[in-house]
Protein chains: 2
Amino acid sequence: MQQSPVPPEPPIYRRIADGLREAILSGDLRDGDRLPGENALMARHGIARATARQALSVLINEGLAVPKRGSGVYVRQFRPIRRHGSRRLSRGQWGRGEAIWDSDTRGRPYTVDEVYIDRETAEDAVARVLGGPDVWVRRRRYSVDERPVQLSVSHFPAALVEGTAITSEDTGPGGVYARLGELGHAPAHFTEEIRARMPHPHETVQLDLPAGTPVIVIARVARTADGVAVEVNEMILDAASYVLQYDFDS
Amino acid sequence: MQQSPVPPEPPIYRRIADGLREAILSGDLRDGDRLPGENALMARHGIARATARQALSVLINEGLAVPKRGSGVYVRQFRPIRRHGSRRLSRGQWGRGEAIWDSDTRGRPYTVDEVYIDRETAEDAVARVLGGPDVWVRRRRYSVDERPVQLSVSHFPAALVEGTAITSEDTGPGGVYARLGELGHAPAHFTEEIRARMPHPHETVQLDLPAGTPVIVIARVARTADGVAVEVNEMILDAASYVLQYDFDS
DNA sequence: TAGTGGTCTAGACCACGCA
DNA sequence: GCGTGGTCTAGACCACTAC
């Protein structure tokens, strides 16, 4: 039998972090409010600077706070955009104003900040799906309200799109899917694979992510009615900016 | 015009972290390998202990490494389970061995570790969808290979399920959906909302998450053919353990 | 200019693992 | 018992923000 041991006290930095987190999650501290700074925590709890920093770093790494140099540490807000996957069924009587999570439903306009188009050799997984490594690639960054929210890399089989508008910056009305349709390869079936992880450094830079924000990674494969894969699109989303929604029936 | 300034050198701890990350992502260091420890980094780079710790903490907070007390810091593995949302279309000729990401396709068995069933007052968002705050709640924890991977909380309208097997531990053959069907409320339509964020402390404990692992949160609403919501299920997934997949057509 | 967070040093004691 | 990571102190200098 194990003698129930005295439950060990959490370390000081953790107790301080717990208190601040409580204040944030309970709503006592709201979006944009200033947290007590390092000096305030040192004085209030009689601790060293490094310990105060450690407490704040917990909240920062949890995505609940953002440090601003020379100013303070602030509570962080979460106001996501809603992205619909399959929405065939969501237009009926159900699914109107009955979402679980709050989100900005106003259709805020996307801006495409950056576009790079290139002919490349695809990595193995993409090559396997597209039937070969020769691809045209379209890399974009999307922003909403001046804020970068998504990186997107689309791969197309080179043999399919060579010489079409898909390999130029302006893909024309209807975008790449309209062009694929004109080529007799209209996308009909989609598969989306979704993961979440902490961002790599270049993603942190390109999406301007504060510490403690994961990214959602979506790998989407578009196939024609015949089942031929015509596009592989990898999207990196700022997780704090998105709610994904999928509607389907059993 | 801005005179292009000399690009500032990143701090030491960051350069060390970058080097180690590079070694991990390039495959030089593989799953389970031991990283150089604090003492090794101090000696190799001539830095103080706190600086070495800071470098390692970067990788730990990125989910790329796990510290083991008294032993070392180790590269972390990612071997996810595949969870299918809508898979109506995935059984055809397409979608066979053509996934983008690796995953354990062997159908490893789930274990239900913990079950709590209770009558509760639902929070606002759930009450709004279910048409009232009176709910029966089933809380479960799922494990795969002895490892907790998912927390799940299902809410059912109390008026609908009162006195049925849904309010008892053993829901009988076919589970709760079979019971709902017998009651004339078979689920037919599903909406899944997905977010990702860093875990709350109780989630870290219950899922035994190392630092740097986000969670995926899925809120699923099940509706009958008439559009009546009969279940709201909130799932918390260890993001390192899952790939979600959705199949649909345009 | 005063206050903030960012980086770094040089120590200390502890709990834990592994041999 | 030794090496590991976990916690903590008491300083230092810097860059940046706000006033």
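Everything quoted here is computed from the prediction, not taken from an experiment. Within every chain, numbering begins at 1; the chains are lettered A, B, ... in the order of the sequence lines, protein sequences first and strands thereafter.
With respect to A/Val149, the side-chain contact (heavy atoms from CB on, under 4.5 Å) criterion is satisfied by exactly one of A/Ile81, A/Leu237, A/Ile236, A/Leu207: A/Ile81. Residue B/Tyr242 is tested with B/Arg82, B/Met235, B/Gln150 for a side-chain contact (heavy atoms from CB on, under 4.5 Å); the sole match is B/Gln150. Partner of A/Arg147 under the side-chain hydrogen bond (donor to acceptor under 3.5 Å, both in side chains) criterion, chosen from A/Asp208, A/Asp238, A/Thr111: A/Asp238.
In this structure, the side chain of B/Arg34 engages the main chain of B/Ser71 through a donor-acceptor pair within 3.5 Å.
Note on B/Thr51: a side-chain N or O is less than 4.0 Å away from OP1 or OP2 of C/dT9. Considering only side-chain N and O atoms, A/Arg49 lies nowhere under 4.0 angstrom from the phosphate OP1 or OP2 of D/dG11. Here A/Asn39 reaches the OP1 or OP2 of C/dT4: one of its side-chain N or O atoms lies under 4.0 Å away.
Within the helix from C/dT1-D/dA18 to C/dC18-D/dG1, the inter-axis angle between the opening and closing five-pair segments is 10°, rounded to 10°.
Residue A/Val73 is the one, among A/Ala50 and A/Val73, whose nearest nucleotide of DNA chain C lies closer to the 5' end (criterion: closest heavy atom). In this structure, A/Ala52 and B/Ile60 both approach DNA chain D, and ranking their closest nucleotides by distance from the 5' end singles out B/Ile60.
Enclosure of atom CD in A/Glu123 is not indicated, since only 12 or fewer non-hydrogen atoms of other residues, nucleotides or ligands lie within 6.0 angstrom.
Taking atom CD of A/Glu38 as the reference point, atom P of D/dA15 lies 17 Å away to the nearest angstrom. Nucleotide D/dT9 holds its P atom 12 Å from the CG atom of A/Leu41, rounded to whole Å. One can place OH of A/Tyr74 at 12 Å from C1' of D/dC16, the figure rounded to the nearest angstrom. Rounded to whole Å, atom C1' of C/dC8 lies 11 Å from atom CZ of A/Arg53. A straight line from CZ of A/Arg34 to P of C/dG3 spans 12 Å, rounded to a whole angstrom. Whole-Å rounding puts the A/Leu35 CG to C/dG3 P distance at 20 Å. For the pair B/Arg69 CZ and C/dC13 P, the interatomic distance rounds to 18 Å; values are reported in whole Å.
B/Arg15 and B/Asp18 are not joined by a salt bridge, as no carboxylate oxygen comes within less than 4.0 angstrom of a charged side-chain nitrogen.
For the residue pair A/Arg140 / A/Ser154, a side-chain donor-acceptor distance below 3.5 Å is found, with atom types taken as modelled. Between the side chains of B/Thr213 and B/Arg76, at least one donor-acceptor pair of N or O atoms lies under 3.5 Å.
For DNA chain D, the neighbouring residues in residues 11-20 of chain A, judged by any heavy atom under 4.0 Å, are A/Pro11, A/Ile12, A/Tyr13.
Contact check for A/Ser143 versus A/Pro148: side-chain heavy atoms found under the 4.5 Å cut-off.
Among D/dT7, C/dT9, D/dT9, the nucleotide with an atom closest to any side-chain atom of A/Gln54 is D/dT7.
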